[in-house]
Amino acid sequence: MILVCGIFQNIAASAASKYIGNYSIDIGGGDAMSAVHLHILPSGKYAVTYFGGMQTGVWQELPNGKLQLQQDHDPVYFYVYARQNSALKDSIKFNFDNCAEGSAKVAFAAKKGFSNTLRPVFSPDGRRYSEGNEVSLPASEVTALYLLENNEFKKKLHEAERPRTLDNLLYSFPVDKKYNDYKIILNKAASQQPSNYVGEFVDGNLLLYGTGPYPETINCREKRELREEERKELEEMMQVYGGRYGSQAQATEHANDGPVKVVYQRLKGTTQAVNLGAVTFIKPLFPAEAPADSR
């Protein structure tokens, strides 16, 4: 009973907090594409919205009256989904989503066990002129799928400003014969450290002080009340774009009768540490191609 009362007291305190509302974040630019907004919701969640994306997290008002923001973080690099596709005969299709930066590596195993050979999904130099991101293989030749996210180029890019150790985890997934259509999604946010902030009102503006990898100060201005319809819309958007990937993934296929939605089921895999010194890297699965107008 004490625990239940404590939970309801925290919810009531969040609902009555002075921090609830919408804020404009001052980052310069001035156009619609550079606009960034902070939304603090009565539910104890917050969202930062910007052109093309959303960042989510949880917030609370501390005993000293300051605001604390904690960003959601999903440490899983790879999500693999699968379904049975009646259009495929004696073959297995693999679709790679969000893997175009060249850091994801893959191996298709015909026998059990990792053979210490991987290939980049896309060209490591980042050039990608081909729109292809699917490969089909004979069903008899694949029994397991191995995936590695090796952020060496990102590590070199950021180590001067925020040194950190990047784990080299090999993800392995069994290729079940009841599925022949696989969707592989790289969660890029897994390699990023979450940004956490403590904030307070100063001269009418909400100032956020970074406590994560980027300890900058953010000025949130022009606070306005959060309308009920806005709150509902934000909650729905956070369900779709915020947090972790779910137990299912959807895609749209084009059939003779028009577009058809298909559903993939998430597969469970395992991880193990891998020594990159013992791994042989071969040519990319999807090598870079010259632009059509240069051929």
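No experiment lies behind these values; they were computed from the predicted model shown. The residues of the chain are indexed from 1 along the displayed sequence.
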Any Lys/Arg nitrogen of E230 or R224 sitting under 4.0 Å from an Asp/Glu carboxylate oxygen of the other? yes

Ignoring hydrogens and geometry, is there a side-chain-to-backbone donor-acceptor pair from T143 to A109 under 3.5 Å? yes

Any idea which heavy atoms bring P259 and T252 closest together, and the distance? CB-CG2, 3.7 Å

Is the gap between the ring centers of F94 and F108 under 6.0 Å? yes

Check: N196/T211 side-chain N/O donor and acceptor closer than 3.5 Å: no

Atom of I25, atom of C220 and distance for their closest heavy-atom approach: CG1-SG, 3.9 Å

Can you name the nearest heavy-atom pair linking P174 to K268, along with the distance? CD-O, 4.1 Å

Min side-chain heavy-atom separation T49-V36 under 4.5 Å: no

same_hphob_cluster(V135, I282) at 4.5 Å side-chain heavy-atom cutoff: no

Do K183 and Y81 meet the cation-pi criteria used here (NZ or CZ under 6.0 Å from the six-membered ring centre, within 45° of the axis)? no

Are F173 and Y264 linked, directly or through intermediate hydrophobic residues, by side-chain heavy-atom contacts shorter than 4.5 Å (ILVMFWY only)? yes

Give, for atom CG of L206 and atom CD1 of I40, the distance between the pair rounded to the nearest 0.5 Å. 6.0 Å

How many angstroms lie between CG in L267 and CD1 in I184, if you round to the nearest 0.5 Å? 10.0 Å

Tell me if the CG atom of N64 is crowded by more than 12 foreign heavy atoms within 6.0 Å. yes

Any side-chain heavy-atom pair of L38 and L208 under 4.5 Å: yes

Gap between atom CG of D97 and atom CD1 of I185 - 0.5 Å precision: 5.0 Å

Between atom CZ of R119 and atom CG of L285, what is the distance when rounded to the nearest 0.5 Å? 5.5 Å

Any donor and acceptor pair, going by atom type alone, linking the side chain of K177 with main-chain N or O of A139 inside 3.5 Å? yes

Connected via hydrophobic side-chain network under 4.5 Å: Y146 and F281: yes

Would you indicate whether E233, at its atom CD, is surrounded by more than 12 heavy atoms from other residues, nucleotides or ligands within a distance under 6.0 Å? no

If we only count heavy atoms from C-beta on, is the L67 to F201 side-chain gap below 4.5 Å? no

Looking at NZ of K89 and OG of S136, how far apart are the two atoms once the value is rounded to the nearest 0.5 Å? 14.0 Å

Heavy-atom donor-acceptor pair, N133 side chain to F96 backbone, under 3.5 Å: yes

Note: R83-E253 ion pair, threshold 4.0 Å (strictly below): yes

Under 4.5 Å between side-chain heavy atoms, counting indirect links through other Ile/Leu/Val/Met/Phe/Trp/Tyr residues: same cluster for L137 and L88 or not? no

Testing the basics here: between E61 and S17, what is the closest heavy-atom pair and its distance to 0.1 Å? OE1-OG, 2.7 Å

Measure the shortest side-chain to side-chain distance between I218 and L207 over non-hydrogen atoms and say whether it is less than 4.5 angstrom. no

Can you confirm whether L147 sits close enough to V80 that some side-chain heavy atom of one is under 4.5 Å from a side-chain heavy atom of the other? yes

Can you find a pair of side-chain heavy atoms, one from K45 and one from M238, that are under 4.5 Å apart? yes

For the pair Y79 and N187, evaluate side-chain hydrogen bond (donor to acceptor under 3.5 Å, both in side chains) and give the outcome as yes or no after the intermediate values. CA-CA 7 Å; Y79 285 85; N187 174 29; 5.3 Å; no

Other residues, nucleotides and ligands only: do more than 12 of their heavy atoms fall within 6.0 Å of CD on E225? no

Taking the side chain from W59 and the backbone from Q68, do they hold a donor-acceptor pair closer than 3.5 Å? no

With a 4.0 Å cut-off, would you call E229 and K232 a salt bridge? no

Show your reasoning for whether side-chain hydrogen bond (donor to acceptor under 3.5 Å, both in side chains) applies to Y197 and Q70. CA-CA 7 Å; Y197 295 88; Q70 292 182 301; over 6 Å; no

Check: S247 and Q265 side chains under 4.5 Å, non-hydrogen atoms: no

Side chains of Y46 and Q71: any donor to acceptor distance under 3.5 Å? no

For K223, does the NZ atom have more than 12 heavy-atom neighbours from other residues, nucleotides or ligands under 6.0 Å away? yes

Aromatic Y182 / basic K93 pairing, under 6.0 angstrom, 45° off normal: no

Cut-off 3.5 Å, side chains only: do S172 and T270 have a donor facing an acceptor? yes

If the plane angle is over 60° it's perpendicular, under 30° parallel, otherwise tilted; pick one for F78 and Y171. perpendicular

Are V58 and Y19 connected into the same hydrophobic cluster when the rule is that any two of I, L, V, M, F, W, Y join if their side-chain heavy atoms are below 4.5 Å apart? no

About how many Å separate OG1 of T271 and CG of L169, when rounded to the nearest 0.5 Å? 5.0 Å

